[in-house]
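Data block below; observations after.
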Amino acid sequence: MNVQSKVPHEPPRRIQVSPRDNVAIIVNSLGLPAGTEFSDGLVLNHFVPQGHKVALADIADGGNIVRYGEVIGTAKGRVARGDLVNEDNVVMGTAPPLDQLEMATRPPPKTQPLTGYSFEGYRNADGTVGTKNILAVSTSVQCVSGTVEFALKRIKAELLPKYPNVDDVVVLTHAYGCGVAINAPQAIVPIRTLQNLANNPNFGGEVLVVGLGCEKLAPERLLPAGQTGVLRMQDEAFVGFGAMIDGIMAMVEDRLKVLDKRRRETVPAAELIVGMQCGGSDAFSGLTANPALGFCADLLVRAGATVMFSEVTEVRDAIHLLTPRAATKDVAEALVREMRWYDDYLEKGGVDRGANTTPGNKKGGLSNIIEKSLGSVAKSGTSAITAVLSPGEKVRQRGLVFAATPASDFVCGTLQMAAGMNLHVFTTGRGTPYGLAAVPVIKVSTRSELAKRWNDLIDLDAGPIATGEKTIEQVGWELFQLMLDVASGRKQVWADRWGLHNDLTLFNPAPVT
Ligand code: CA
């Protein structure tokens, strides 16, 4: 394919983040051909695809390659000004040592509170606020998944239409419970995840649990404190499958009656608990969508809300930028503890954090996990980090919180749901149809090409930041307003419109027997 002949006549554009950088990202949608000359005299020595890096200066063999003002690797062989820089000529360094970090040395000063912003939500008895009014049917073991899915079809057809104020009924099915080493120390992760999922603010405290009867994880352990509502399929009272389904339907209808009486009320923006993550990242993630989300995260923190960022392997290489921002030494130490736990977890599996970067990431211009991480942590904005959660724990603090999770979109989303998020923001460069049944997911594209191609999947386009048509602050404010609209039920995200809802995916670092 002759790529050069397809390049339209538009001025060559590149983005350099920090004045210290010796590489820049090509913005033009079709990339730029060899011989392209920029107004400052830089001439491309090769075709450079969109999102890929060009060297701004000669770099000696072994010299540092700098993006975001940080070293992302060293040159493999001599790199000339104008050369394409990618994983073929960048050698990745080691992750920052965990015993030499600055701990809570530069917590950002408190910023001015942001007042006057609210949304329409469902107040819960425990003080949290839901953005949807959903009945959840949880499960204590995977053996019952098919049964509750069967019941769900009848519930949606026969019961839900009678209760118009209930948004949906969802089943919390998963692949845990049978043959698990329930007393293994790490089993606490999937167990507390299931417990806390049932407590998600969007479930209104009316969760039901369907169990089998012979599993190790007692269904009662998954109910919110003080609640009843367990059905065991092996209960001798049930004669035949039809009776079990009738039993589930009867329990469900009781709870639908309660939830149907609820109404939205005006609550401050401080009641938002936002989970942030990215997936299918590209070189623009750290230039457009993630910085805009970071600006928005700062607005949320100023409004008194809770904002979580996650994905350990995507913060590990930027941890030296995060521990100084911890509000206290304890928080900094908790950050290090989660990094160390994950380093050990990966080592036991015979890999390191470099296993994170995907072929799609590389095609999108990301050379390695260091470059990906520096773009990923832009989501965290500039606020002080006020708390750290281990995987599956429930968030109890306001402000910017690091919730440790794997970077896998589905595992991260499930753990953030367990942490109690009532709104999810997902940034993507390559594109993903990601969605959750229980929590609205706002998808933000890093490039306008994706937003145009996926015009009925992407909710907000951060691409105009790359072309200079909008600022990071403008898109950050747009996202903030969109969050309030979606949380209020005034606007529907595309994933909900199409009913694109991922399966829950539990993180189980413990053995299966
Ligand atoms: Ca992810």
Side-chain angles (χ1 to χ4, degrees), residues 121-125 128-174 194-212 219 222-224 227-233 238 241-264 413-414 417-418 420-424 435-441 486-487 489 492-493 495-506:
Y122 295 96
R123 268 231 186 263
N124 295 316
T128 62
V129 171
T131 58
K132 288 188 175 186
N133 185 26
I134 290 176
L135 176 65
V137 181
S138 188
T139 54
S140 53
V141 65
Q142 67 262 61
C143 317
V144 303
S145 297
T147 303
V148 293
E149 297 279 4
F150 183 96
L152 184 66
K153 282 192 202 124
R154 277 192 55 193
I155 292 165
K156 289 203 176 193
E158 299 167 32
L159 298 182
L160 195 54
K162 287 159 62 183
Y163 303 98
N165 293 318
V166 182
D167 290 316
D168 205 358
V169 178
V170 303
V171 293
L172 306 180
T173 55
H174 53 81
L194 283 172
Q195 289 168 332
N196 290 333
L197 275 173
N199 273 302
N200 184 279
N202 284 4
F203 300 147
E206 294 291 338
V207 171
L208 299 169
V209 186
V210 175
L212 184 61
L222 303 185
L223 284 176
Q227 286 274 326
T228 55
V230 167
L231 181 145
R232 283 180 175 77
M233 290 183 69
F238 296 125
F241 182 67
M244 296 168 202
I245 299 298
D246 288 345
I248 295 172
M249 300 274 288
M251 282 201 326
V252 163
E253 184 151 26
D254 280 351
R255 302 305 160 100
L256 287 176
K257 283 177 187 159
V258 178
L259 290 176
D260 196 53
K261 296 198 182 85
R262 308 178 83 209
R263 296 292 182 272
R264 289 186 187 268
T414 302
M417 255 181 78
M421 74 170 164
N422 53 20
L423 193 64
H424 200 21
L436 293 173
V439 178
V441 179
V486 169
Q492 195 178 32
V493 295
D496 284 350
R497 181 115 160 239
W498 299 126
L500 298 178
H501 297 146
N502 311 322
D503 291 339
L504 296 177
T505 312
L506 292 183

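This structure is a prediction, so every number in the text was calculated from the model and none was measured. Just so you know, these numbers use all the heavy atoms, side chains as well, and skip hydrogens, waters and symmetry mates.
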Audit row: Leu172, Leu222, side-chain contact (heavy atoms from CB on, under 4.5 Å) steps and yes/no
CA-CA 11 Å; Leu172 306 180; Leu222 303 185; over 6 Å; no

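- Side-chain contact between Gln227 and Glu206: present, with at least one pair of heavy atoms (C-beta onward) separated by less than 4.5 Å.
- Residues Leu504 and Thr173 are not in side-chain contact: their nearest non-hydrogen atoms beyond the backbone lie 4.5 Å or more apart.
- Note that CG of Leu194 is 7.0 Å distant from OG1 of Thr139, once rounded to the nearest 0.5 Å.
- A distance of 4.0 Å separates CE in Met249 from CG in Leu159, rounded to the nearest 0.5 Å.
- Looking only at side-chain heavy atoms (C-beta outward), Thr147 and Ile248 come within less than 4.5 Å of each other.
- At least one side-chain heavy atom of Pro440 sits under 4.5 Å from a side-chain heavy atom of Thr131.
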List the steps and the verdict of side chain to side chain donor-acceptor pair (under 3.5 Å) for Asn165 and Arg264.
CA-CA 10 Å; Asn165 293 318; Arg264 289 186 187 268; over 6 Å; no

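- Taking a cutoff of 4.0 Å between a charged side-chain nitrogen and a carboxylate oxygen, Arg154 and Asp246 qualify as a salt bridge.
- The CG atom of Asp167 sits 11.5 Å away from atom CG of Leu135, with the distance rounded to the nearest 0.5 Å.
- Rounding to the nearest 0.5 Å gives a distance of 6.5 Å between OG1 of Thr505 and CG of Asp503.
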Evaluate the side-chain contact (heavy atoms from CB on, under 4.5 Å) criterion for residues Arg232 and Leu212: first the C-alpha distance (whole Å), next the side-chain angles of each, then the deciding distance (0.1 Å), finally the verdict.
CA-CA 5 Å; Arg232 283 180 175 77; Leu212 184 61; over 6 Å; no

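- Atom CE in Met421 sits 9.5 Å away from atom CG in Asn202 (nearest 0.5 Å).
- Under the 4.5 Å side-chain criterion, counting only non-hydrogen atoms from C-beta, Phe203 is not in contact with Asn124.
- Two residues are said to be in side-chain contact when any heavy atoms from C-beta on lie closer than 4.5 Å; Asn422 and Val439 fail this criterion.
- For the atom pair OG of Ser138 and CD of Gln195, the computed distance is 10.0 Å after rounding to the nearest 0.5 Å.
- At a threshold of 4.5 Å between non-hydrogen side-chain atoms, the residues Phe150 and Ile245 count as touching.
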Might you work through the side-chain contact (heavy atoms from CB on, under 4.5 Å) test for Val258 and Asp254, ending with a clear yes or no?
CA-CA 7 Å; Val258 178; Asp254 280 351; over 6 Å; no

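- Note on Asp260 versus Arg255: no salt bridge recorded, every NZ/NE/NH1/NH2 to OD/OE distance being 4.0 Å or above.
- Side-chain contact between Glu253 and Tyr163: present, with at least one pair of heavy atoms (C-beta onward) separated by less than 4.5 Å.
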Kindly determine whether Arg123 and Thr128 satisfy side-chain contact (heavy atoms from CB on, under 4.5 Å), including the steps that lead there.
CA-CA 6 Å; Arg123 268 231 186 263; Thr128 62; over 6 Å; no

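- Heavy-atom minimum distance, Val209 versus Pro219: CG1-CB, 3.7 Å.
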